Amino acid sequence: MPHASDTIVTRFAPSPTGFLHIGGARTALFNWLLARKHGGQFLLRIEDTDKARSTQEAIDAILEGLTWLGLDWDGDPVSQSARADRHAEVAEQLLAGGHAYKCFATPEENAAAREAVRAEGRAFLGDLWRDRPHGPETEGKPFVIRMKMPREGNTVVDDAVQGQVTVANGVLDDLVLLRADGSPTYMLSVVVDDHDMGVTDVIRGDDHLNNTFKQVQIYRAMGWDCPRFAHIPLIHGADGKKLSKRHGALGVEAYRDMGYLPEALRNYLLRLGWSAGDEEVIPTKRALEMFSLDGVNKGAARFDFDKLDSINAQYLRHMSPEAVMPTIEPFINAQLDRPVDEDEKARILRALPSLLERAKRYDDLSDAAILFCNTRPLNLSEKAAKQLTADNRVLIGDAIKELEKLADFGADQCKAALALVAEAHDLRLGKVMQPVRAALTGGKPFGDLGELVEILGRAETLGRLRDQYSPGTD
RNA sequence: GGUCCCUUCGUCUAGUGGCCUAGGACGUCGCCCUUUCACGGCGAAAACACGGGUUCGAGUCCCGUAGGGAUCACCA
């Protein structure tokens with residue numbers, strides 16, 4: 001049955017055994033991009049046929065992850081387990097049509113045969129009962145239904161990423177369609193669901209490439225059209241090894257908690273193993289214009305946090321202080337171990353344009369923003385502490401005197417006051433600014449010193465300076 | 001081990017037989033800017049895994065070798 005229209009239908013089909021990891025997120029992104037680019041549908045299917053390992057928490061985490069990433073799906077997520085009857089029905093059809101057969105071999109018999117065949121350097125085809133007549137001894141015995149794979153010829157998959165891949169039918173095993181308890185296997189379920197859901201393009205990790213040849217046989221036996229396949233390479237850790245929990249196989253929520261923007265992570269994920277020329281910063285709108293499966297590389301790519309940081313910084317720079325504030329507030333509260341007050345928030349809001357210039361992530365941005373909270377006495381970095389020599393403390397004392405005289409605590413006035421101190425000591429302005437900056441920031445980065453003082457305000461500025469001039473007495 | 005896939009700077013990549021003296025980005029290093037922390041700007045070092053072919057000409061095509069990955073369940 002040919003598809004009614006040329007509308008693109010893609011799907012993301014995670015098994016709910018854990019969070020949405022970074023590789024799954026990228027697979028979802030590619031599916032989403034292809035569907036949205038062509039005005040098609042992006043469907044969600046939860047592959048929960050393994051009831052023992054599937055959890056509701058995992059489903060929630062995956063949905064939350066997709067939502068955070070901004071990947072919206074069409075319709076309600078399909079639960080694969082709810083469709084078991086339909087899967088079984090197809091298995092029966094396959095059986096009736098002579099494309100499948102009953103296998104009475106016990107797990108032990110299969111294991112023994114597998115070992116024996118493998119010792120010869122061949123793959124076990126699971127075909128113990130393929131051409132074996134069912135005698136009366138099979139009466140009442142448990143059986144599975146296996147696919148009767150072709151043995152002659154080749155199966156060719158024309159993959160959008162991998163190209164034309166050919167495999168000899170002789171190596172395709174008679175996979176189990178229906179288990180002894182009557183439940184369908186993954187191999188059957190995906191094919192039936194993808195067909196029934198009208199999926200036109202299956203984009204998934206290339207760990208499924210080998211399965212595809214077998215699935216194609218099921219499509220053929222049922223007389224169904226195959227969808228287009230695109231097997232995208234897996235993401236590797238920085239060390240080139242398969243992604244493990246140690247290096248980067250984190251849930252997307254972990255990236256959120258590390259302070260990354262969903263737009264930036266999306267951009268990074270897109271460029272990891274995919275390109276269309278030299279463009280690096282590709283916001284979603286642009287991605288929708290450019291995306292094509294052609295640009296996907298075949299080789300696995302390594303995950304690189306430095307580059308992610310860099311992309312993230314570029315997105316951060318274009319955020320408005322008002323948009324950023326609600327997001328960094330929890331980070332700030334956590335570091336402060338109390339909620340920020342309104343006065344502090346107002347100061348941070350004023351400082352944000354400058355802070356955003358040099359931040360990489362929300363977490364270091366909030367770390368820098370703490371500068372404008374009332375956290376006296378400040379913890380000094382090693383570098384800052386070094387600035388506060390006995391001589392420099394004298395300068396700070398003089399700076400306090402000059403600043404106290406100021407009626408207007410503006411940036412220019414404050415700088416002028418510091419210039420007076422420098423003049424009195426016959427020093428360059430910078431020599432005075434350095435220790436004053438150290439006392440005021442504790443070593444944290446911030447732009448212009450005058451701006452810093454102005455935002456900090458009279459009380460906080462003088463307080464921080466006094467802390468360093470005569471520690472402990474203020 | 002069988003089958004399938006992959007291999008360009010440290011990393012992500014551009015490159016579809018002459019445009020390649022191999023381009024961009026991240027990272028690294030250097031310089032400049034800032035009488036202040038940073039940011040930024042400019043510049044440098046840095047790769048076609050190896051060996052054979054094919055061709056007037058190969059990073060680009062073919063074969064082999066090495067290395068890496070995926071997969072071989074009544075898991076998904």
Side-chain angles (χ1 to χ4, degrees), chain A residues 13-15 17 47-50 52-54 80 103 105-107 110-111 114 117-124 126 142-146 157 159 161-163 165-168 170-173 175-181 183 185-187 189-190 205-213 231 233-234 236 238 240-242 268 271-281 295 297-311 313 317 354-355 357-359 368 383-384 415 418-419 422 427-438 441 443-450 452:
Chain A
S15 51
T17 55
E47 309 220 314
D48 53 355
T49 55
D50 185 348
R53 293 199 300 153
S54 301
Q80 192 161 58
C103 170
T106 64
N110 279 323
R114 180 175 300 118
V117 171
R118 195 165 170 166
E120 295 173 36
R122 289 185 296 123
F124 178 53
F143 62 88
V144 300
I145 294 181
R146 283 183 185 273
V157 169
D159 193 277
V161 172
Q162 305 292 333
V165 187
T166 304
V167 90
V171 304
L172 268 23
D173 68 293
L175 58 94
V176 173
L177 297 169
L178 226 50
R179 300 187 186 101
D181 65 0
S183 66
T185 60
Y186 159 81
M187 215 56 98
S189 303
V190 246
D206 71 7
D207 49 333
H208 286 288
L209 182 60
N210 289 297
N211 289 333
T212 308
F213 302 97
H231 288 91
L234 270 15
H236 286 186
K241 300 247 174 67
K242 192 182 171 181
Y268 176 71
R271 276 290 287 125
L272 224 209
W274 175 90
S275 73
D278 286 337
E279 279 184 59
E280 299 284 348
V281 180
N297 282 115
K298 290 191 189 183
R302 301 183 190 202
F303 196 92
D304 181 7
F305 275 102
D306 283 336
K307 187 132 185 184
L308 209 209
D309 279 350
S310 162
I311 297 266
R317 229 164 278 165
S354 175
L355 291 172
E357 288 290 312
R358 70 215 78 209
K383 227 175 144 186
K415 268 205 250 185
L418 294 180
L427 287 170
R428 300 185 343 173
L429 218 208
K431 289 287 175 198
V432 177
M433 280 174 148
Q434 283 177 345
V436 168
R437 174 183 287 277
T441 66
K444 286 187 176 176
F446 187 74
D448 181 67
L449 186 59
L452 171 70

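Note that the coordinates shown come from a computational prediction; the quantities given were computed from them, not determined experimentally. In what follows, chains are A, B, ... by sequence order, proteins preceding strands, each numbered from 1.
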Task: Atom-pair distance (NZ on Lys298(A); P on C12(B)), nearest Å - done: 18 Å

Open item on the list: For the C1' atoms, the ones on G30(B) and on U35(B), what distance do you get once it is rounded to whole angstrom?
Closed with: 23 Å

Open item on the list: Show the nearest heavy-atom pair for residues Gly447(A) and Ser354(A), with the distance to one decimal.
Closed with: N-OG, 4.0 Å

Open item on the list: Mind checking if Lys383(A) touches a base, just sugar-phosphate, or nothing, with heavy atoms under 4.0 Å?
Closed with: sugar-phosphate

Open item on the list: For Tyr268(A) together with Phe305(A), are the ring centres under 6.0 Å from each other?
Closed with: no

Open item on the list: Less than 4.5 Å apart, side chain to side chain, heavy atoms only: is that true for Phe124(A) and Asp173(A)?
Closed with: no

Open item on the list: Please find the pair of heavy atoms, one from Asn297(A) and one from Pro233(A), that lie closest to each other, and give the distance.
Closed with: O-CG, 3.0 Å

Open item on the list: By the 4.0 Å heavy-atom rule, please label Ala180(A) as base, sugar-phosphate, or nothing.
Closed with: base

- [ ] Tell me which nucleotide among C74(B), A76(B), C37(B) gets nearest to the side chain of Arg53(A).
- [x] A76(B)

Task: d(OH, Tyr186(A); P, C72(B)) in whole Å - done: 11 Å

Open item on the list: Base, sugar-phosphate or nothing for Gly273(A)? Non-hydrogen atoms, less than 4.0 Å.
Closed with: sugar-phosphate

Open item on the list: Distance check, P atoms only: G18(B) and C61(B), in whole angstrom units.
Closed with: 12 Å

Task: Pair partner, A46(B) [Watson-Crick or wobble, under 3.5 Å] - done: none

Open item on the list: Can you measure Leu234(A) atom CG to G69(B) atom P for me and round it to whole angstrom units?
Closed with: 12 Å

- [ ] Sort out the partner of G27(B) for me: Watson-Crick or G-U wobble, both distances under 3.5 Å, none otherwise.
- [x] none

TODO: Please determine, for the side chain of Gln80(A), which listed nucleotide (A76(B), C74(B), C12(B)) has the closest atom?
DONE: A76(B)

Open item on the list: So if I take every side-chain heavy atom of Arg302(A) and compare against G24(B), C74(B), U11(B), which nucleotide ends up nearest?
Closed with: U11(B)

TODO: For Glu280(A), answer base if it contacts any base atom (sugar-phosphate contacts may also be present), sugar-phosphate if it contacts only those atoms, and nothing otherwise; contact means non-hydrogen atoms under 4.0 Å.
DONE: base

TODO: Identify whether any heavy atom of Arg122(A) sits under 4.0 Å from a base atom; if not, whether one sits that close to sugar-phosphate; answer base, sugar-phosphate or nothing.
DONE: nothing

- [ ] Considering only atom P, compute the distance from G51(B) to A38(B) and round it to an integer number of Å.
- [x] 47 Å

Task: Base partner of A58(B), which must satisfy Watson-Crick or wobble distances under 3.5 Å - done: none

- [ ] With heavy atoms under 4.0 Å as the rule, sort Ser189(A) into base, sugar-phosphate or nothing.
- [x] nothing

TODO: Give the nucleotide from the list C39(B), C4(B), C74(B) with an atom nearest to the side chain of Glu357(A).
DONE: C39(B)

Task: Counterpart base for G17(B), defined by Watson-Crick or G-U wobble contacts under 3.5 Å - done: none

Task: Side-chain ion pair, Lys415(A) and Asp448(A), N-O less than 4.0 Å - done: yes

- [ ] Would you indicate what Ser15(A) reaches in the nucleic acid, counting non-hydrogen atoms under 4.0 angstrom: base, sugar-phosphate, or nothing?
- [x] sugar-phosphate

- [ ] For Ala105(A), answer base if it contacts any base atom (sugar-phosphate contacts may also be present), sugar-phosphate if it contacts only those atoms, and nothing otherwise; contact means non-hydrogen atoms under 4.0 Å.
- [x] base

Task: Nearest-Å distance once atom P is located in both A44(B) and G2(B) - done: 49 Å

Open item on the list: Categorize Thr166(A) for me: base, sugar-phosphate, or nothing, with a 4.0 angstrom heavy-atom threshold over every strand shown.
Closed with: sugar-phosphate

Task: Euclidean distance for C1', A47(B) against U60(B) (whole angstrom) - done: 15 Å

- [ ] Looking at every strand, decide which applies to Leu209(A) at a 4.0 Å heavy-atom threshold: base, sugar-phosphate, or nothing.
- [x] sugar-phosphate

TODO: Give the nucleotide from the list C26(B), G24(B), C5(B) with an atom nearest to the side chain of Val165(A).
DONE: C5(B)

TODO: Quick one: closest heavy-atom pair of His231(A) and Asp159(A), and the distance?
DONE: ND1-OD2, 2.6 Å

- [ ] Measure from the side-chain heavy atoms of Val167(A) and tell me the nearest of A70(B), A73(B), C4(B).
- [x] C4(B)

Open item on the list: Under 4.0 Å, heavy atoms only, any strand: does Val176(A) hit a base, just the sugar-phosphate, or nothing?
Closed with: sugar-phosphate

Open item on the list: Between G68(B) and C29(B), how far apart are the two P atoms, rounded to whole Å?
Closed with: 31 Å

Open item on the list: If you only use heavy atoms from C-beta on, which nucleotide in C74(B), U35(B), A76(B) is closest to the side chain of Leu429(A)?
Closed with: U35(B)

- [ ] For Lys431(A) and for Leu308(A), find the nucleotide of RNA chain B with the closest heavy atom, then tell me which residue's nucleotide is more 5'.
- [x] Leu308(A)

TODO: With the side chain of Lys307(A) defined as its heavy atoms from C-beta on, choose the nearest nucleotide among C37(B), C72(B), C12(B).
DONE: C12(B)

TODO: Would you classify His208(A) as touching base, sugar-phosphate or nothing, given that sugar-phosphate means primed atoms plus P, OP1 and OP2, and contacts are heavy atoms under 4.0 Å?
DONE: base

Open item on the list: I'd like the P distance from U65(B) over to C5(B), given in whole Å.
Closed with: 15 Å

Open item on the list: As a test of reading the structure: which of C37(B), C26(B), G24(B) is closest to the side chain of Asp306(A), going by heavy atoms?
Closed with: C26(B)

TODO: Tell me what Asn211(A) touches on the nucleic acid: a base, only sugar-phosphate, or nothing, going by heavy atoms under 4.0 Å.
DONE: base

Open item on the list: Under a 3.5 Å cut-off for both contacts, is G67(B) paired Watson-Crick or G-U wobble with anything, and if yes, with which nucleotide?
Closed with: C6(B)

TODO: Assign each of Arg437(A) and Phe124(A) to its nearest nucleotide of RNA chain B by heavy atoms, then name whichever residue's nucleotide is nearer the 5' end.
DONE: Arg437(A)

Task: Separation of the C1' atoms in G17(B) and U54(B), to the nearest angstrom - done: 11 Å

Open item on the list: My understanding is that a pair needs two contacts under 3.5 Å, Watson-Crick or G-U wobble. By that rule, which nucleotide pairs with C39(B)?
Closed with: none

Open item on the list: Please pick, from C12(B), C37(B), U36(B), the nucleotide with the shortest atom-to-atom distance to any side-chain atom of Pro445(A).
Closed with: C37(B)

Open item on the list: Under 4.0 Å, counting only non-hydrogen atoms across every strand here, what does Asn297(A) touch: a base, just sugar-phosphate, or nothing?
Closed with: sugar-phosphate

